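Encoded as structure tokens, the structure appears first; notes follow it.
Residues take their numbers from the sequence shown, with the count starting at 1. What you see is a predicted model; the values in this text were computed from it and never measured.
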Amino acid sequence: MLLLCGSCAQVTSLNLKKHQFGKIPTKIIWVQLAGFSAEHMALLKFSYPSREKKTAFEQSLCVGTTWDYNLYDLRPSAYENFLSQLTGKKNIKNSCEDFEQRPIWKYISDKNYKIGIFEGESNKEQSLLKSQDCKNVSSNYLNDVIFWKMGVPPKDAKLFHIGEKNSFRQGDVYFDKSCSTGKCFTSLSRNIESNFSLFQKNTKNYLYVIRNFQYLNLLKQKRIKEAKSELAEINEVIDYFQSLAKDSSDILVLVTSAAGVELNFPRSGKEWKAYENEGRNIKISKRKLVSPLYATGARAENFCGVYEQSDLLKRIFSGAKQQGLEFSIINPFEN
């Protein structure tokens, strides 16, 4: 009798936390964090006053690992990796041809999904805005999207600023007014929380993508203390969205990395203290071949395991067909 009851019991937890399996994500928050590797959590973890406090990464329901390679390169750039994730394709060349691949928002924008992309500070080669330099696609690649960018605004650019209740229009690009002098004075976390509160009003379904290259850029420049501060900002952003997911069963919070680098932390004692106080005694080593992924909320169970980064798109929309959990209204691979 016990065996019979056990076989019929429904599993309602994941990673020892309450979880509803097979829930379709109609609100998707996707954080793309370049350069991050799992051990980087130590930048935050060991600076907390108590070891009991967990980072947002640790609070995720499911942890996965993705291979970084594509059809042409064993170690593509973070920009190329993120395009592969967004399109579900391995055929990424870092050219205008890439913008002929359909990204996730092209599958859902005509199904009453509101699309927003928020890019932190990055160089031109890392931004999706370089699609505007490709004449054959510039008119339609981002026309379904409200796009926000932290960076020096071009002349006559549309602007946004924390605290201002702007009315954002689909297809427009908005630059952070606080970055006008070259340095952005509004923090990433404050910008996103203010921006998202306006974006998600009066919409039931949405995709909100956050792209961060600043963390990777600071690591490459060996500006460890600043990279640590940037990671703390990102951690705060993830924590904010995870708290929303706890109160809504149809929110998926997805954090993906790419082009992760290995950090060699000091052993302990005085060396560790010098690292904590001055950012010294920490070395940046080889580039990783795999990247971590963290999922919380609706359909988080799909992201456990090891798989290729191009598989992410179908894992968002696919469920167990034998249980009738596939996302029938959206099939990214029907064409």
Taking the side chain from Asn15 and the backbone from Ser60, do they hold a donor-acceptor pair closer than 3.5 Å?
yes
Looking at Thr186, is its backbone amide N or carbonyl O close enough to the side chain of Ser178 to form a donor-acceptor pair, meaning the two atoms are under 3.5 Å apart?
yes
Rounded to the nearest 0.5 Å, what separates atom CZ in Phe21 from atom CG in Asn302?
10.0 Å
same_hphob_cluster(Met150, Leu142) at 4.5 Å side-chain heavy-atom cutoff:
no
Give the minimum heavy-atom separation between Tyr307 and Gly64, together with the two atoms involved.
OH-CA, 4.4 Å
Looking only at side chains, do Gln126 and Asn217 share a donor and an acceptor under 3.5 Å apart?
yes
State, yes or no, whether a side-chain contact exists between Phe57 and Asn235 at a heavy-atom distance under 4.5 Å.
yes
Under 30°, 30 to 60°, or over 60°: which ring-plane class applies to Trp272 and Tyr275, parallel, tilted or perpendicular?
perpendicular
Is there a donor-acceptor contact under 3.5 Å linking the side chains of Ser122 and Lys149?
yes
Restricting to non-hydrogen atoms, name the atom on Glu233 and the atom on Leu188 that form the minimum distance, rounded to 0.1 Å.
OE1-N, 3.5 Å
Lys246, NZ: over 12 other non-hydrogen atoms inside 6.0 angstrom
no
Taking Ser229 for its side chain and Lys225 for its backbone only, find out whether a donor-acceptor pair lies under 3.5 Å.
yes
Ignoring hydrogens and angles, tell me if any N or O in the side chain of Ser13 forms a donor-acceptor pair with the backbone of Lys18 under 3.5 Å.
no
Same apolar cluster (I L V M F W Y, side chains within < 4.5 Å links), Leu231/Phe265:
yes
Between CH2 on residue Trp105 and OG1 on residue Thr87, distance to nearest 0.5 Å:
9.0 Å
For the pair Phe36 and His40, name the ring-plane relationship: parallel under 30°, tilted 30 to 60°, perpendicular over 60°.
perpendicular
Which atom pair, heavy atoms only, marks the closest approach of Thr296 to Ala245?
CG2-CB, 4.5 Å
Rounded to the nearest 0.5 Å, what separation is found between the SG atom of Cys62 and the CG atom of Leu293?
7.5 Å
Would you call the rings of Phe213 and Phe82 parallel, tilted or perpendicular if under 30° counts as parallel and over 60° as perpendicular?
perpendicular
Would you say the side-chain atoms of Asn166 pair up with the backbone N or O of Phe160, donor to acceptor, closer than 3.5 Å?
no
With no hydrogens and no angle check, is any side-chain donor or acceptor of Gln85 less than 3.5 Å from a backbone partner on Ser257?
yes
So if you build clusters from Ile, Leu, Val, Met, Phe, Trp, Tyr with side-chain heavy-atom gaps below 4.5 Å, do Val253 and Leu312 land together?
no
CD1 of Ile234 to CG of Leu33: how many Å apart, nearest 0.5 Å?
4.5 Å
Assess whether a salt bridge exists between Glu276 and Lys228, defined as any Lys/Arg side-chain N lying under 4.0 Å from an Asp/Glu carboxylate O.
yes
Looking at every heavy atom in both Arg287 and Ala259, which two are closest together, and how far apart are they?
NE-CA, 3.0 Å
Tyr208 and Asn195: side chain donor to acceptor below 3.5 Å:
yes
Under a single-linkage definition using a 4.5 Å side-chain heavy-atom cutoff for Ile, Leu, Val, Met, Phe, Trp and Tyr, are Phe147 and Phe168 assigned to the same hydrophobic cluster?
no
Let me know which of Thr66, Asp68, Thr256, Asn81 forms a side-chain hydrogen bond (donor to acceptor under 3.5 Å, both in side chains) with Ser291.
Asp68
Residues Phe303, Leu61; criterion side chain to side chain contact (heavy atoms under 4.5 Å, CB included); working and verdict
CA-CA 10 Å; Phe303 299 94; Leu61 284 180; over 6 Å; no
Judged by atom type as modelled, is there a donor-acceptor pair below 3.5 Å linking the side chain of Gln101 to the main-chain atoms of Asn91?
yes
Can you tell me if Lys130 has over 12 outside heavy atoms packed within less than 6.0 Å of its NZ?
yes
Determine whether Glu39 and Leu263 make a side-chain contact, defined as any pair of heavy atoms from C-beta on separated by less than 4.5 Å.
no
Do Glu308 and Tyr69 have side-chain N/O donor and acceptor atoms under 3.5 Å apart?
yes
Let's go through Glu164 and Lys177 carefully: what are the C-alpha distance in whole Å and the side-chain angles of both, what is the deciding distance for side chain to side chain contact (heavy atoms under 4.5 Å, CB included) to 0.1 Å, and is it a yes or a no?
CA-CA 11 Å; Glu164 293 183 357; Lys177 189 187 295 184; 3.0 Å; yes
Under 3.5 Å, is there a donor on one side chain and an acceptor on the other for Lys286 and Asn264?
no
Heavy-atom closest pair (Ser249 atom, Ala298 atom, distance to 0.1 Å) is O-CB, 3.4 Å
Determine yes or no for a side-chain-to-main-chain donor-acceptor pair under 3.5 angstrom, with Glu119 supplying the side chain and Leu128 the backbone.
yes
Would you find a donor on one side and an acceptor on the other, under 3.5 Å apart, between the side chain of Asp98 and the backbone of Ser95?
yes
Strictly distance-based, threshold 3.5 Å: is any side-chain N or O of Gln200 a donor or acceptor partner for the main-chain N or O of Ser197?
yes
Which pair of non-hydrogen atoms, one from Lys220 and one from Ile284, has the smallest distance, and what is that distance?
N-CD1, 4.4 Å
Transitively linked via ILVMFWY side-chain contacts under 4.5 Å: Leu254 with Tyr215?
no
Quick one: NZ on Lys114 to NZ on Lys201, what's the gap to the nearest 0.5 Å?
10.0 Å
Check for me whether the distance between the ring centres of Phe196 and Tyr206 falls short of 6.0 Å.
yes
Just by distance, with hydrogens left out, do Thr26 and Asp250 show a side-chain donor and acceptor under 3.5 Å apart?
yes
Is there a side-chain contact between Asn143 and Lys106 in this structure, where contact means two heavy atoms from C-beta onward sitting under 4.5 Å apart?
yes
Pairwise side-chain contact, Tyr79 with Glu125, heavy-atom cut-off 4.5 Å (strictly under)
no
Distance (rounded to the nearest 0.5 Å) between Ile104 CD1 and Leu207 CG:
5.0 Å
